[in-house]
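Scroll down for the structure; my scribbles are underneath it.
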Amino acid sequence: EGTAFTPAIEGMKYVKSEDGVILAKPFLDVCKLILPVIEKFGSALAIVKSDIGGNITRLENKYSSDPTKYNNIYTMVQEEVDAKTATVSSSCTNGLLWLTRAMDFLVELFRNLVLHDDWTLSQSCSDSYGKTLKQWHGWIASSSFSVAVKFAPDKKKFLQVVGGSGDVYSDIEKFCSTFSPFLEENHKFLGSVGMDSLKAS
């Protein structure tokens with residue numbers, strides 16, 4: 001029932017603890033629940049999908065190693081910052097940073113679908129990429145992205161597929177407005193430990 005966004009919207013109710021902390025498992029679950037939506041973009045967003053999937057797995061593995069200790073996702077980061085291992089490319093800090101940036105890109109992309117009815121999916125992708133990920137990517141990554149988005153599917157067909165039996169525009173808006181504050185909080189925390197401006201290695 002509902003749209004491809006419905007499970008993620010449901011999942012967002014559990015992201016924060018009663019005292020307002022972002023919980024690792026529910027946050028990662030919501031990111032995971034948005035993967036089927038990205039899948040419908042086909043090869044256009046294959047790079048983004050595998051990137052998000054890889055970072056979720058890295059953070060989940062850390063969480064599973066000690067669920068009580070890593071219940072709050074920022075504990076993983078703080079621990080690495082204290083151990084001076086946060087900037088290592090395989091760190092959880094790096095994982096959270098790039099997961100957050102990729103989700104920024106998706107939120108911006110989904111907003112474009114609602115705001116710019118006349119844009120093709122390729123246009124929506126390129127615009128949101130320019131506003132989010134591009135500044136952190138090197139030339140090679142940017143070039144491969146520009147090529148990939150040319151293969152974005154037809155917008156009308158895409159919206160039908162992800163719309164299912166629900167109101168797709170309303171769900172997209174709900175997803176973006178509810179999920180954005182979590183991403184802002186991630187950036188704020190990463191910024192507070194000096195980790196929000198790392199570029200791609």
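When a residue number appears, it is its place in the shown sequence, counting from 1. Computed from a predicted structure; not experimentally measured.
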Where do [X] and [Y] come nearest, in terms of heavy atoms and distance?
X      : Y      : result
Leu99  : Cys31  : CD2-SG, 4.0 Å
Val149 : Ser126 : CG2-OG, 3.6 Å
Leu109 : Phe41  : CD2-CZ, 3.7 Å
Ala148 : Ile47  : CB-CD1, 4.5 Å
Ala44  : Phe151 : CB-C, 3.8 Å
Ile52  : Leu106 : CD1-CD1, 3.7 Å

Pairwise distance [atom1]([X]) to [atom2]([Y]) - rounded to 0.5 angstrom:
X      : Y      : atom1 : atom2 : result
Leu35  : Leu45  : CG    : CG    : 11.5 Å
Thr87  : Leu97  : OG1   : CG    : 11.5 Å
Thr93  : Arg58  : OG1   : CZ    : 9.5 Å
Cys176 : Phe5   : SG    : CZ    : 7.0 Å
Asp154 : Gln160 : CG    : CD    : 8.5 Å
Trp136 : Ser142 : CH2   : OG    : 13.0 Å

Does [X] reach the side chain of [Y], with side-chain heavy atoms less than 4.5 Å apart?
X      : Y      : result
Phe182 : Met12  : yes
Val162 : Thr3   : no
Tyr70  : Leu23  : no
Val168 : Phe158 : no

Flag, side chain of [X] to backbone of [Y], donor-acceptor distance under 3.5 Å:
X      : Y      : result
Glu80  : Cys92  : yes
Lys199 : Gln135 : yes
Ser91  : Val88  : yes
Asp127 : Gln123 : no

In terms of hydrophobic clustering (I, L, V, M, F, W, Y; side-chain heavy atoms under 4.5 Å; direct or indirect links), are [X] and [Y] co-clustered?
X      : Y      : value
Leu159 : Ile34  : yes
Val114 : Phe110 : yes
Leu96  : Val21  : no
Ile56  : Met103 : yes
Leu28  : Leu33  : no

Query - ring-ring contact (aromatic ring centres under 6.0 Å, His included) partner of Phe27, the single match among Tyr14, Phe179, Tyr63 - result: Phe179
Requested in this report: Please determine which of Phe145, Tyr129, Phe105 meets the ring-ring contact (aromatic ring centres under 6.0 Å, His included) test together with His137.
Outcome: Tyr129
Query - Pair Lys16 + Glu185: basic N to acidic O under 4.0 Å - result: yes
Requested in this report: For the pair Glu60 and Lys32, find out whether any cationic side-chain nitrogen is under 4.0 Å from an anionic carboxylate oxygen.
Outcome: yes
Report task. Given side chain to side chain contact (heavy atoms under 4.5 Å, CB included), test Met76 with Leu59 step by step and report yes or no. Result -> CA-CA 8 Å; Met76 301 179 193; Leu59 293 159; 3.8 Å; yes
Query - All pairs passing side-chain hydrogen bond (donor to acceptor under 3.5 Å, both in side chains) where residues 18-31 contributes a residue, at least two apart - result: Ser17-Asp19, Lys25-Asp29
Report task. Please step through side chain to side chain donor-acceptor pair (under 3.5 Å) for the pair Asn186 and Thr100, ending with a clear verdict. Result -> CA-CA 7 Å; Asn186 285 355; Thr100 301; 3.1 Å; yes
Requested in this report: Start with the C-alpha distance between Asp104 and His187, add both sets of side-chain angles, then the distance that settles side chain to side chain donor-acceptor pair (under 3.5 Å), and finish with yes or no.
Outcome: CA-CA 10 Å; Asp104 284 336; His187 283 301; 2.6 Å; yes
Report task. Just do the side chain to side chain donor-acceptor pair (under 3.5 Å) check on Arg111 and Ser180 with the steps written out, would you? Result -> CA-CA 11 Å; Arg111 279 201 184 116; Ser180 291; 2.9 Å; yes
Query raised in the report: For Asp117, what residues pass the side chain to side chain contact (heavy atoms under 4.5 Å, CB included) criterion, not counting sequence neighbours?
Result: Lys155, Tyr169
Query raised in the report: Hey, mind stepping through Gln78 and Asp82 against side chain to side chain donor-acceptor pair (under 3.5 Å) and telling me if it holds?
Result: CA-CA 6 Å; Gln78 194 59 58; Asp82 296 342; 3.2 Å; yes
